[in-house]
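Heavy atoms only: backbone and side chains are in, while hydrogens, waters and symmetry mates are out.
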Amino acid sequence: MNFIDIHTHRHCSDNEVVVVKSTLWDREYSSECLYSVGIHPWDSGRVSLQEARCWLESHSDAIAVGECGFDFASGRSELKAQQRLFELQLEYAHSQGLPMLIHCVKGYNELLEMTRDYQKVQFVVHGFNGSAQLAEQLLKRNFNLSFGAMIIRSEKLQNLLRWLPIENILMETDDSSVGIREVYECVGRVKSIEIESLKELIYNNFKRIFEL
C-alpha cells in the first residue's frame with residue numbers, strides 16, 4: 001500500500017508515494033502524475049473570470065480543483081474578487097464532480113457561507129491549523145482536514161488529531177522539505193495506529209473523496 005500525499009508543490013520520485021501535484025494559475029504542470037488545478041486567492045486580483053474559466057476547462061484531466069479559497073491575512077483583503085473567483089471554481093467543481101482543495105486563512109466565515117448549498121462536493125481543507133471548535137464546525141459540514149509538516153511540532157494539532165475521526169483525515173507535504181513518511185509516522189503515533197494500517201485507511205479516504 002502506498003503513502004498518499006494529497007497536496008504538494010514539490011517533485012517526488014519515491015515509487016511508494018502517490019502524489020497529487022498542485023498546479024496553480026500560469027504555472028507549468030505535468031500530466032504524467034495526478035494533479036489538481038486551481039487559482040489561489042493570492043491571484044484573485046490578476047485573473048479575470050473568463051481567463052479562469054478557460055484555464056480550468058483546459059485541464060480536464062485534473063482530479064481536483066484547488067488550491068483555492070480565501071486569504072485575508074494582512075495586505076490581502078480583496079474580498080469581492082476572492083468571492084467571485086471562489087464561486088467560479090466552486091461551480092466548476094460541482095459541474096465536473098470534482099473535490100476541492102481549500103486554502104483558507106482568516107476566511108472561514110466566507111468559506112462556510114459560500115459552500116452551504118454544495119453538499120455533494122467533497123471539500124478538503126489543506127494544511128489545517130485551526131482550533132478544535134473550527135474543526136468541529138467543518139466536520140459537521142462533512143469537510144475533510146489535511147495535515148502536513150506542522151503536525152509534527154504542534155501540540156495543539158496533535159491534541160486535535162487524537163479525537164478526529166480517521167475517515168476525515170488526509171496528509172500532505174505542501175512546499176515543506178519534510179517527507180510524507182514523517183507526517184504519517186507522527187499521525188500514526190498520535191492516533192496509535194500502525195503505519196501499514198494507517199496507509200490503508202488513508203488510501204481508502206483518498207479513493208472515496210477523490211472518487212478514484
query: Which residues pass the ring-ring contact (aromatic ring centres under 6.0 Å, His included) test with Phe86, sequence neighbours left out?
result: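 Checked Phe86 against ring-ring contact (aromatic ring centres under 6.0 Å, His included); matches are Phe70.
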In Å, rounded to the nearest 0.5 Å, how long is the span from [atom1] of [X] to [atom2] of [Y]?
{"X": "Met114", "Y": "Leu90", "atom1": "CE", "atom2": "CG", "value": "6.5 Å"}
{"X": "Asn205", "Y": "Ile169", "atom1": "CG", "atom2": "CD1", "value": "8.0 Å"}
{"X": "Leu112", "Y": "Lys140", "atom1": "CG", "atom2": "NZ", "value": "11.5 Å"}
{"X": "Lys156", "Y": "Gln158", "atom1": "NZ", "atom2": "CD", "value": "12.0 Å"}
{"X": "Trp42", "Y": "Glu67", "atom1": "CH2", "atom2": "CD", "value": "8.0 Å"}
{"X": "Met171", "Y": "Leu145", "atom1": "CE", "atom2": "CG", "value": "12.5 Å"}

Listed by chain and number, what are the side-chain contact (heavy atoms from CB on, under 4.5 Å) partners of [X], not counting sequence neighbours?
{"X": "Gln50", "value": "Ser48, Arg53, Cys54"}
{"X": "Thr8", "value": "Asp5, Arg10, Val19, Lys21, Thr173"}
{"X": "Ala52", "value": "Ile39, Val47, Leu85, Leu88"}
{"X": "Val105", "value": "Asp71, Ala73, His103"}

- prompt: Of the options Ile102, Ile6, Asn168, which is the one that meets Asn144 in a side-chain contact (heavy atoms from CB on, under 4.5 Å)?
  reply: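 One option only clears the test, and that one is Asn168.
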query: In a check of side-chain contact (heavy atoms from CB on, under 4.5 Å) between Gln122 and each of Glu211, Arg208, Met100, which one passes?
result: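 Per the side-chain contact (heavy atoms from CB on, under 4.5 Å) rule, the option paired with Gln122 is Arg208, out of Glu211, Arg208, Met100.
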message: Working note: Val121 + Thr115, criterion side chain to side chain contact (heavy atoms under 4.5 Å, CB included); need CA distance, chi angles, decisive distance, verdict.
response: CA-CA 9 Å; Val121 177; Thr115 57; over 6 Å; no
query: Would you say Ser44's side chain and Ala81's backbone share a donor-acceptor pair under 3.5 angstrom?
result: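 No, Ser44 side chain to Ala81 backbone: no donor-acceptor pair under 3.5 Å.
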- prompt: According to the ring-ring contact (aromatic ring centres under 6.0 Å, His included) rule, which pairs have a member within residues 133-173, sequence neighbours left out?
  reply: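 Checked against ring-ring contact (aromatic ring centres under 6.0 Å, His included) - neighbours excluded - the pairs reaching residues 133-173 are Phe123-Phe143.
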message: Quick test of your reading: applying ring-ring contact (aromatic ring centres under 6.0 Å, His included), list the pairs with at least one residue in residues 192-212, sequence neighbours left out, ordered by first then second residue.
response: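 Listed once each, the pairs are Phe206-Phe210.
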field: Test item: Ile151 and Phe128 side chains (from C-beta on) under 4.5 Å apart, heavy atoms
entry: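 Answer no - side chains too far apart.
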Search all heavy atoms of [X] against all heavy atoms of [Y] and return the closest pair with its distance.
{"X": "His9", "Y": "His7", "answer": "NE2-NE2, 3.4 Å"}
{"X": "Glu172", "Y": "Ser146", "answer": "OE1-OG, 2.7 Å"}
{"X": "Pro99", "Y": "Ile63", "answer": "CD-O, 3.3 Å"}
{"X": "Ser36", "Y": "Ser22", "answer": "OG-CA, 3.6 Å"}

- prompt: Is there any side-chain hydrogen bond (donor to acceptor under 3.5 Å, both in side chains) pair reaching into residues 88-99, and which pairs are they, with sequence neighbours excluded?
  reply: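 Counting only pairs at least two positions apart or across chains, no side-chain hydrogen bond (donor to acceptor under 3.5 Å, both in side chains) contact touches residues 88-99.
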In a table with atom names and distances, give each donor-acceptor pair under 3.5 Å that connects a side chain of residues 185-192 to protein atoms at least two apart or in another chain.
{"unit_1": "Lys191", "atom_1": "NZ", "unit_2": "Leu161", "atom_2": "O", "d": "3.0"}
{"unit_1": "Lys191", "atom_1": "NZ", "unit_2": "Arg162", "atom_2": "O", "d": "3.4"}
{"unit_1": "Lys191", "atom_1": "NZ", "unit_2": "Leu164", "atom_2": "O", "d": "2.5"}

Phe3 and Ile202: CA distance, side-chain angles, deciding distance, side chain to side chain contact (heavy atoms under 4.5 Å, CB included) verdict: CA-CA 8 Å; Phe3 295 94; Ile202 299 302; over 6 Å; no
- request: List for me each residue that meets side chain to side chain donor-acceptor pair (under 3.5 Å) alongside Ser176, sequence neighbours excluded, and say none if there are none.
  value: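 Result, side chain to side chain donor-acceptor pair (under 3.5 Å) vs Ser176: none returned.
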message: For Arg181, give me all partners under salt bridge (charged side-chain N to carboxylate O under 4.0 Å, His left out), at least two apart in sequence or on another chain.
response: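 So Arg181 forms a salt bridge (charged side-chain N to carboxylate O under 4.0 Å, His left out) with Asp14, Glu16.
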With a 3.5 Å cut-off and sequence neighbours excluded, list the donor-acceptor pairs that the side chains of residues 193-200 form with protein atoms.
{"unit_1": "Glu196", "atom_1": "OE2", "unit_2": "Lys199", "atom_2": "NZ", "d": "3.3"}
{"unit_1": "Lys199", "atom_1": "NZ", "unit_2": "Met1", "atom_2": "O", "d": "2.8"}

